[in-house]
S.K.: 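I'd like to ask some things about the structure below.
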Amino acid sequence: MKFIEIPVQVEKFGHNSKDRDVLESVLSMRQTTKDLQNENRTMDALERTVESMRVLKGFSDYGDTEFRVVLSMLLFDLSELYYELKDYKQSRKELETLFYVLENMIKADAERFGEYHILAMELSARILRSRKKALDMLAKQQIAASVLYDKVNAGVVAAIDKLVDTLRNIGELLVCSGDYKAALKFYSEAIRLSKKRAGKVTRKEIKMTVDMAKVMMRMGSMRPRALRLLEAVLPHAIALETLDLEEDILALTEIINTKEERDTNWKLFLHKLKMPFMKEKNVKKSSKSSAEAAVSKKKEE
């Protein structure tokens with residue numbers, strides 16, 4: 001993952017400025033995000049970025065250029081992190097918000113910010129290519145699953161393991177496409193077959209259950225169920241001494257317990273950010289319509 005760096009002019013704020021403290025705190029937190037990502041702790045890095053956004057909300061003027069510079073970097077980070085998690089739908093959403101912010105920044109200073117719009121366009125193209133590739137792969141995996149089901153039904157026991165892996169792959173690819181509900185069905189079936197095959201809970205079933213909970217977390221109504229699922233699988237992870245999965249389960253549990261309030265605040269924050277841009281576009285649209293109406297009337301006369 002590449003972290004986009006845009007120079008921030010924090011020196012324009014006084015040393016005792018609250019806004020300067022906010023910006024410096026966010027930049028410091030962003031360094032921690034980089035460290036987490038370098039350790040391949042993408043979920044923790046994502047959570048840290050969301051926390052950085054919460055801190056950034058304390059800035060006094062959302063129209064300030066340096067505020068938008070820092071916001072742009074965080075939006076780049078969010079889009080990249082979701083891309084790393086292969087959630088291309090959410091990655092695209094964060095990128096759309098970034099384009100809103102960059103649009104006015106470029107109008108104000110094209111020389112300073114023009115290159116970042118190009119980088120955002122490159123990321124957009126990368127997301128679209130990856131999503132198309134995922135959809136192509138999904139079609140192939142679905143065909144493979146159909147063939148494997150036939151073998152399993154015919155009594156070929158060895159085909160069960162391949163079918164479990166194929167169903168899990170289909171679940172992952174459906175997440176990439178943004179079809180979370182369909183993904184859950186395939187994860188659930190893969191876990192059921194895997195448990196039946198092993199006769200007990202193994203690391204493989206725990207990992208798939210954790211992945212399934214991550215998908216549920218993206219659907220507001222499913223978060224309580226995701227929490228119950230994680231709490232149920234935690235004793236198995238402890239018993240098998242799968243330290244990495246234990247850490248993932250505990251981290252996800254903490255995220256769920258604090259996510260509800262953050263999501264509401266996050267939506268309000270983005271709404272406030274987008275309002276000036278939307279008003280400006282509506283004014284332009286209205287002016288254009290009025291001009292077209294005037295021209296049409298003149299032609300009729």
S.K.: Between Thr33 (side chain) and Met29 (backbone), is there a donor-acceptor pair under 3.5 Å?
M.R.: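 Answer holds: yes.
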S.K.: Please report the closest heavy-atom contact between Thr202 and Leu240, naming both atoms and the distance.
M.R.: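 Where Thr202 meets Leu240 most closely, the heavy atoms are C-CD1, 3.8 Å.
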S.K.: If you compare all heavy atoms of Ser194 against all heavy atoms of Met208, which two are closest, and at what distance to 0.1 Å?
M.R.: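 Nearest pair, atom of Ser194 first, then Met208: CB-CE, 3.7 Å.
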S.K.: For the pair Glu66 (side chain) and Gln9 (backbone), establish whether a donor and an acceptor sit closer than 3.5 Å, ignoring hydrogens and angles.
M.R.: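 Yes, because the side chain of Glu66 sits within donor-acceptor range (under 3.5 Å) of the backbone of Gln9.
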S.K.: Let me check something: any side-chain donor-acceptor pairs from residues 173-189 under 3.5 Å, sequence neighbours excluded? List them with distances.
M.R.:
{"from": "Ser177", "atom 1": "OG", "to": "Leu174", "atom 2": "O", "distance (Å)": "2.8"}
{"from": "Asp179", "atom 1": "OD1", "to": "Ala182", "atom 2": "N", "distance (Å)": "3.4"}
{"from": "Tyr180", "atom 1": "OH", "to": "Asp87", "atom 2": "OD1", "distance (Å)": "3.0"}
{"from": "Tyr180", "atom 1": "OH", "to": "Asp87", "atom 2": "OD2", "distance (Å)": "3.1"}
{"from": "Glu189", "atom 1": "OE1", "to": "Arg192", "atom 2": "NE", "distance (Å)": "3.1"}
{"from": "Glu189", "atom 1": "OE2", "to": "Tyr149", "atom 2": "OH", "distance (Å)": "3.2"}
{"from": "Glu189", "atom 1": "OE2", "to": "Arg192", "atom 2": "NH2", "distance (Å)": "3.0"}

S.K.: Are Phe59 and Leu71 close enough that some pair of their side-chain heavy atoms sits under 4.5 Å apart?
M.R.: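 No, their side chains stay 4.5 Å or more apart.
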S.K.: Given 3.5 Å as the limit, does a donor-acceptor pair link the side chain of Ser79 with the main chain of Glu94, or not?
M.R.: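 Judged by distance alone, no pair lies under 3.5 Å.
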S.K.: Does CG in Asn16 sit with more than 12 non-hydrogen atoms of other residues, nucleotides or ligands closer than 6.0 Å?
M.R.: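 No, not enclosed.
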S.K.: So Met216 and Leu227, side-chain contact (heavy atoms from CB on, under 4.5 Å) or not? Walk me through it.
M.R.: CA-CA 9 Å; Met216 290 178 175; Leu227 183 59; over 6 Å; no
S.K.: Taking Leu74 as the starting point, is it possible to reach Val8 by hopping between hydrophobic residues whose side chains are less than 4.5 Å apart?
M.R.: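 Linked, Val8 and Leu74 end up in one cluster.
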S.K.: Could you tell me whether the side chain of Glu39 and the main chain of Leu36 form a donor-acceptor pair under 3.5 Å?
M.R.: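 Side chain of Glu39 to backbone of Leu36: no pair is present.
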S.K.: In sequence, state the C-alpha distance, the side-chain angles, and the governing distance for Phe99 and Met121, and then conclude on side-chain contact (heavy atoms from CB on, under 4.5 Å).
M.R.: CA-CA 9 Å; Phe99 279 122; Met121 291 294 289; 3.7 Å; yes
S.K.: Using a 6.0 Å cut-off, check whether atom CD of Glu111 has over 12 heavy atoms from anything other than its own residue.
M.R.: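 Result for CD/Glu111: open.
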S.K.: With clusters defined by side-chain heavy atoms of hydrophobic residues (ILVMFWY) lying less than 4.5 Å apart, directly or transitively, does Leu193 cluster with Val157?
M.R.: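 Linked, Val157 and Leu193 end up in one cluster.
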S.K.: Check this for me, if you would: do Arg54 and Glu51 make a salt bridge, where the nitrogen-to-carboxylate-oxygen distance has to be below 4.0 angstrom?
M.R.: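 Between Glu51 and Arg54 there is a salt bridge, with a charged N closer than 4.0 Å to a carboxylate O.
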S.K.: Who are the salt bridge (charged side-chain N to carboxylate O under 4.0 Å, His left out) partners of Arg228, not counting sequence neighbours?
M.R.: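 Arg228 satisfies salt bridge (charged side-chain N to carboxylate O under 4.0 Å, His left out) with no other residue.
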S.K.: Only one of Lys132, Lys140, Lys133 clears side chain to side chain donor-acceptor pair (under 3.5 Å) with Asp136; which?
M.R.: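 Option passing the side chain to side chain donor-acceptor pair (under 3.5 Å) with Asp136: Lys132.
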S.K.: Any sub-3.5 Å donor-acceptor pair from Ser28's side-chain atoms to Glu24's backbone N or O?
M.R.: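 No; judged by distance alone, with no hydrogens or angles, the pair does not exist.
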S.K.: Tell me, with the steps shown, if Arg68 and Asn104 meet side-chain contact (heavy atoms from CB on, under 4.5 Å).
M.R.: CA-CA 10 Å; Arg68 294 188 178 187; Asn104 272 28; 3.6 Å; yes
S.K.: In the structure I gave you, are the side-chain heavy atoms of Asp244 and Arg203 within less than 4.5 Å of one another anywhere?
M.R.: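 Side chain of Asp244 against side chain of Arg203, heavy atoms only: contact under 4.5 Å found.
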S.K.: With side chains defined as the heavy atoms from C-beta onward, is the minimum distance between Asp21 and Phe13 less than 4.5 Å?
M.R.: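 With C-beta onward as the side chain, the pair stays apart.
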S.K.: How close do Leu102 and Ala120 get, counting heavy atoms only, and between which atoms?
M.R.: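 Where Leu102 meets Ala120 most closely, the heavy atoms are CD1-CB, 4.0 Å.
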S.K.: Would you verify whether the NZ or CZ of Arg126 falls within 45 degrees of the ring axis of Tyr83 while also being under 6.0 Å from that six-membered ring's centre?
M.R.: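 Cation-pi check for Arg126 and Tyr83: passes.
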S.K.: Check whether any side-chain heavy atom of Leu75 sits under 4.5 Å from a side-chain heavy atom of Leu95, and report yes or no.
M.R.: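 No, too far: nothing below the 4.5 Å cut-off.
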S.K.: Measure the shortest side-chain to side-chain distance between Tyr82 and Lys93 over non-hydrogen atoms and say whether it is less than 4.5 angstrom.
M.R.: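 Tyr82 does not reach Lys93 side chain to side chain.
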S.K.: So, Arg41 and Asp44, do they make that salt bridge, N to O below 4.0 Å?
M.R.: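 Salt bridge between Arg41 and Asp44, a charged N being under 4.0 Å from a carboxylate O: yes.
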S.K.: Mind checking whether Asp211 and Lys207 have side chains closer than 4.5 Å, heavy atoms only?
M.R.: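 Yes, close enough: below the 4.5 Å cut-off.
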S.K.: State, yes or no, whether a side-chain contact exists between Arg30 and Lys34 at a heavy-atom distance under 4.5 Å.
M.R.: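 They are in side-chain contact.
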S.K.: Would you say Thr166's side chain and Lys162's backbone share a donor-acceptor pair under 3.5 angstrom?
M.R.: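 Present.
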S.K.: Evaluate the criterion side-chain contact (heavy atoms from CB on, under 4.5 Å) for residue pair Thr42 and Leu46; output intermediate values, then yes/no.
M.R.: CA-CA 6 Å; Thr42 306; Leu46 177 63; 5.5 Å; no
S.K.: Answer whether the closest heavy-atom distance between the side chains of Val22 and Phe67 falls below 4.5 Å.
M.R.: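 Of all side-chain heavy-atom pairs linking Phe67 with Val22, none is under 4.5 Å.
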